Amino acid sequence: MSEVVQDTQQEFWRPPSPVVANDILAREAAPAMAETCPRCSSEFLLGSRFCHTCGGRRREAISPTARADAAVIARVWEQGVARMSSVVAGLTSRKTWSGIWDKIQFPAWLRYLHFHEIQSWIGLSTAALIAFMIGLGCVAGALLVGLLTAKTLVDWQAIQFYRAEWLLAATAAFVAGILLKKASGGDGE
Ligand SMILES: [Zn+2]
């Protein structure tokens, strides 16, 4: 104890105890410590073992290669998290959309536009009804051909051919529907 007192009086900057001096020497021989706190990123005080701001433990300085690896891993992680968050956002938005979709009340008459409603109303089998729809589409095409304007005789002839082809297709579809209806009717449907 007496030598401690002497040391402090002679050289005030020295640690008062030789044990503390050895500890400081050992710390200086130890690998370089981190300069900033990894938790709060505040700068460590000289020779401190803990962060003076958040109390986090001071770790050894990371080697440049390890820091590069960590940066790469962090970038990959951030990209993965961003992708996941975008996917989750898409799923949640789709969920909300479906929720809105469920909340929409369709008018009651809209159900008459359903395929099976039309089927039961007309009394056709599925194949015959499909053929009937195709035939209606072809009739509509023949009517739409009338919207084309002909400037020359060749154009007018071409339009007549288009119309004749649409009407032929409609006829074929209706005949197919009749045949399908007869076939399914023979089965007892
Ligand atoms: Zn800290």
Side-chain angles (χ1 to χ4, degrees), residues 1-122 124-127 129-134 136-138 140-141 144 147-148:
M1 195 65 191
S2 59
E3 59 167 3
V4 166
V5 170
Q6 280 170 9
D7 268 17
T8 7
Q9 281 177 345
Q10 284 172 1
E11 296 176 61
F12 66 93
W13 50 270
R14 279 220 173 139
S17 163
V19 179
V20 178
N22 290 339
D23 190 35
I24 285 176
L25 283 176
R27 207 185 302 162
E28 278 168 359
M33 302 299 274
E35 292 297 320
T36 54
C37 174
R39 215 193 299 178
C40 66
S41 70
S42 65
E43 209 166 312
F44 282 116
L45 296 176
L46 189 67
S48 65
R49 286 180 165 182
F50 298 94
C51 174
H52 67 282
T53 307
C54 69
R57 197 178 174 82
R58 186 177 186 177
R59 294 173 189 282
E60 289 178 7
I62 309 166
S63 66
T65 52
R67 193 171 295 171
D69 288 350
V72 167
I73 291 169
R75 210 176 306 139
V76 168
W77 175 256
E78 278 175 1
Q79 284 175 355
V81 166
R83 208 166 294 161
M84 277 300 293
S85 65
S86 70
V87 165
V88 166
L91 282 176
T92 50
S93 69
R94 199 174 296 162
K95 194 183 267 183
T96 53
W97 273 112
S98 72
I100 291 167
W101 194 249
D102 290 341
K103 278 172 196 164
I104 293 173
Q105 292 290 323
F106 287 106
W109 57 266
L110 262 181
R111 71 187 181 87
Y112 292 114
L113 291 180
H114 282 251
F115 186 82
H116 292 289
E117 288 290 331
I118 296 169
Q119 197 179 358
S120 65
W121 176 47
I122 298 180
L124 290 176
S125 67
T126 305
L129 186 57
I130 287 169
F132 177 65
M133 297 286 190
I134 291 169
L136 282 183
C138 290
L144 284 172
L147 294 175
L148 295 171

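As a basis for the values below, the full set of heavy atoms in this structure was taken, side chains included, without hydrogen atoms, waters or symmetry mates. Quantities reported herein were computed from a predicted structural model and do not represent experimental measurements. Counting starts at 1 for both ligands and their atoms, following the listed order.
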With the Zn ion (ligand 1) at the centre, find the angle made by SG from C37 and SG from C40, to 10°.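 Roughly 110°, rounded to 10°.
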
Angle at the Zn ion (ligand 1) between SG of C54 and SG of C51, to 10°?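 Answer comes to 110°, rounded to 10°.
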
Over all heavy atoms of both residues, which pair between C40 and T53 is shortest? Give the atoms and the distance, please.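 Heavy-atom minimum between the residues: SG-CB, 3.9 Å.
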
Between atom CD of E78 and atom OG of S85, what is the distance when rounded to the nearest 0.5 Å?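 E78 CD to S85 OG: 11.5 Å, rounded to 0.5 Å.
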
Gap separating the CD atom of E35 from the CZ atom of R58, nearest 0.5 angstrom: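 With rounding to 0.5 Å, CD (E35) is 6.0 Å from CZ (R58).
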
Starting from the C-alpha separation in whole Å, work towards a yes-or-no answer on side-chain contact (heavy atoms from CB on, under 4.5 Å) for C51 and S42. CA-CA 8 Å; C51 174; S42 65; 3.4 Å; yes

With a cut-off of 2.8 Å, does any N, O or S atom of H52 fall short of it relative to the Zn ion (ligand 1)?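 H52 does not place any N, O or S atom closer than 2.8 Å to the Zn ion (ligand 1).
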
